[in-house]
S.K.: 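Below you will find the structure I want to go over with you.
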Amino acid sequence: MNITTYHKLLEKQAARMLTKELLDQEPVLKFLELINNSYNNFERDKKISEHAFSVSEKEYQQLALHLREQNHIRLQSIVKLKKAILALDPLASVHSGDNDDDDLINVISFLEEQIRKFKLLEAELIGAKESAEQAVKAKTDFLSVMSHEIRTPLNAIIGISHLLNREEHLPLQEENLNILSVSADNLFMLINDILDFAKIEEGKILFSEKNISLRRFVAGIKMANRTKAEEKGNSIKVLVDDDLPEYVKGDDLRLGQILNNLLSNANKFTSNGSIVMEVLLTRVLGEQVEVSFSVTDTGIGIEPSKQKIIFERFTQANSEITRQFGGSGLGLAIIKKLLNLQDSDIHVESEPGKGSKFYFSLLFRKGDGVVMQEPQQSSFHNGDLGGVKVLLVEDVEFNVLVAEKMLKIWNAVVEVSNNGKEAVKKARAVSYDIILMDLQMPEMDGLEATRLIRSATLPHQPVIIALTANTMEGDEEECLSAGMDDYLGKPVKLEEVIGKLRHWALNRRK
Ligand code: ADP
C-alpha cells in the first residue's frame, strides 16, 4: 500500500516522521495500515454523530412548534368551554383569575359535577318511566276489572227495565220505567265510551277494510237517528256527491261511530231546526279518493273560546249544557283520536245561537263492490226462536233471571247451569242447539267448559256463544280459539241477543 492512499492526516505525519527505508519495511507498513483503519473509523463515526445531531435539532424545532400550536388550541378550548358553560349556567364558578391550568381544572370539575347530576337525573327518569308504565298497566287492569264489575249488574238493570216495559204495568209507572231504561242505556254508552277511549289511548285499535257503499251507508245512519230527531222537531237531510265512486274500502264501524256521534250531538244541541249531513268527493289520487264529511246544525252553537277545548276529553262548552243535555264529554275526544290515527282531524265552525258545522276528510281506496253479508236484523218483538233448545250457563242470579225470562218470551226451551262443570255434564247428556256461556264462573270457567264440550263425542255439537262482561282487547279471540262460535259483550241489548240467537238457530252446527 502506498502512503498516498492513507488518511490525509496520517499521510502527512508518515511523510514527515518516517524515512524511506522505514517505509519499505513490511512490519512498519502493516502498523501504518492499522493506524490508517483507526483514522478512517474515527472519521466515519464523527460524520455519523454530526448527522445525528443535525437531524435531532430539526426534530426538536418541529416539536417545539407543534407544542406551541397545541398550547394555543388548549387555551382557546378552555376559553370556549368556559363560555359554553357560562351560557348554560351563568352562576357556574369556572374562573380562577389568570391561571389557565386552574381554569382547566375548574372546567373539568364542573363537567364531572354535571355528569354526576345527569346520571342522577337519568336514574330518576328511568324510575319515572317505569312507574308511568306501571301506572298505565294498573289503569288498564283497573278498567278491565271495573268494567266487568259494572257490566254485570248493569246487564241485569238493562234486561229488567226492558222486561218491565214489556210486562203489564200501570200507566203511572210508564214514565218511571222510561227514565230507568234511558238512564241504564246512557250508563251503558258511558262505560263503552270510557273503555273505547282507553283502548284508543293504548293504541289498541286496528282499522278494518270493508267495501262500503257510502250512499247506502249514510242513508242508514240517517235512518238510525231519525226517530230521535223527530222527537226534538229536527229534520235530517243527507247530501251525497254524485261523483263519489259506488264503493270505497274502509272501516264501516269506526266511520259509523264518528258520524253517529256527530249526528247525535247535532240533534242534542238543536231543537226545531235542521241537520244536514254532506258527503263530498274532494280529490282523486290514483286508486285512492279523498272524501269530506260534514254535519251542520242550526242549534245553540259554540262560543269561539270553547271551540278548541271541546275536543279534549271530559270537556264541555259549559256546565249548564251538561246538566240540561247530559253527556260525558268523551264523544269528540274519541272522534279526534280515531281520525288522528287515520292521518286526519276534526274541525269545527260555529256561531253561538246560529249553529255548528263539524267536518273532516278521509282517504279511502276505491272499493270493488263485494259487500259482506249484513248481520240479520231482528227486532225484539218478532224474535220467535220457535222451540230452540238453549242452555244458559251463568252464575249471577239476577242475570239468570233476566236471561231466562227473555229467552222464554222468545219461545226458547231454556235450561240453566250455574257453573262450567255442571254445563259440561248437561251438554254430554242433553242435545242443546245453543249454549249461552258466561266466562267467569266458580269451579270451572266458560273457556275450560267449552274446550271439554268440544272434545267430547256428541251426536251433535251445540253452538256456543260467549255471554260475558269481559270485553277488553283479546277476549273475543280467546273465546273463539277455545271453540266458541260467537261472542256477546254484557250488558247485552235485547235486539243483539235475539239477532244472534236467530242467526245461530238458522245456522246450527252440522
Ligand atoms: P258530550 O256531548 O257527551 O258532552 P262531546 O265530546 O261529544 O261530549 O262534546 C263536547 C261538548 O262540545 C259538548 O258538551 C258541547 O258543549 C259541545 N258540542 C258538541 N257538538 C255540538 C253541537 N253540534 N252544537 C253545540 N255544541 C256542541
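In each ligand, atom 1 is the first atom listed, and ligand 1 is the first ligand listed. This is a predicted model, so every value here is computed, not measured.
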S.K.: Does ligand 1 have an atom under 4.0 Å from some heavy atom of Gly299?
M.R.: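 False for this residue.
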
S.K.: Mark up the atoms of ligand 1 that fall under 4.0 Å of a heavy atom belonging to Leu330, in ascending order.
M.R.: 6 (O), 8 (O)

S.K.: Going by the order shown, which atoms of ligand 1 are within less than 4.0 Å of some heavy atom of Lys268?
M.R.: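 Atoms satisfying the 4.0 Å criterion: 1 (P), 2 (O), 3 (O).
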
S.K.: My understanding is that we take every heavy atom of each candidate and find the minimum distance to atom 19 (C) of ligand 1. Doing that for Leu262, Asn265, Thr296, which one comes out nearest?
M.R.: Asn265

S.K.: Work out whether the distance between some heavy atom of Phe311 and some atom of ligand 1 is less than 4.0 Å.
M.R.: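 It does not, in that no heavy atom of Phe311 comes within the 4.0 Å cut-off of ligand 1.
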
S.K.: Looking only at heavy atoms, what is the nearest atom pair of Leu244 and Val240, with distance?
M.R.: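 Looking at all heavy atoms of both residues, the shortest contact is CD1-CG1, 3.5 Å.
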
S.K.: Do Lys500 and Asp486 sit within salt-bridge range, that is, some charged N less than 4.0 Å from a carboxylate O?
M.R.: yes

S.K.: Quick one: look at Lys306 and ligand 1, take heavy-atom pairs under 4.0 Å, and tell me if it's side chain, backbone, both or neither.
M.R.: neither

S.K.: Quick one: list whatever passes side chain to side chain contact (heavy atoms under 4.5 Å, CB included) with Glu351, sequence neighbours left out.
M.R.: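 Only Lys354 meet the side chain to side chain contact (heavy atoms under 4.5 Å, CB included) criterion with Glu351.
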
S.K.: With a cut-off of 6.0 Å (strictly less than), are more than 12 heavy atoms of other residues, nucleotides or ligands near NZ of Lys366?
M.R.: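 More than 12 within 6.0 Å, yes.
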
S.K.: Who are the salt bridge (Lys or Arg N to Asp or Glu O under 4.0 Å) partners of Lys408, not counting sequence neighbours?
M.R.: Glu404

S.K.: Given Ile310, Leu332, Asn261, which one has a non-hydrogen atom that is nearest to atom 5 (P) of ligand 1?
M.R.: Leu332

S.K.: May I ask you to list the atoms of ligand 1 that are less than 4.0 angstrom from any heavy atom of Ala266?
M.R.: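 Counting from 1, the qualifying ligand atoms are 23 (N).
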
S.K.: Check Tyr432 against His460 and note the closest heavy-atom contact, atom names and distance.
M.R.: O-NE2, 3.3 Å

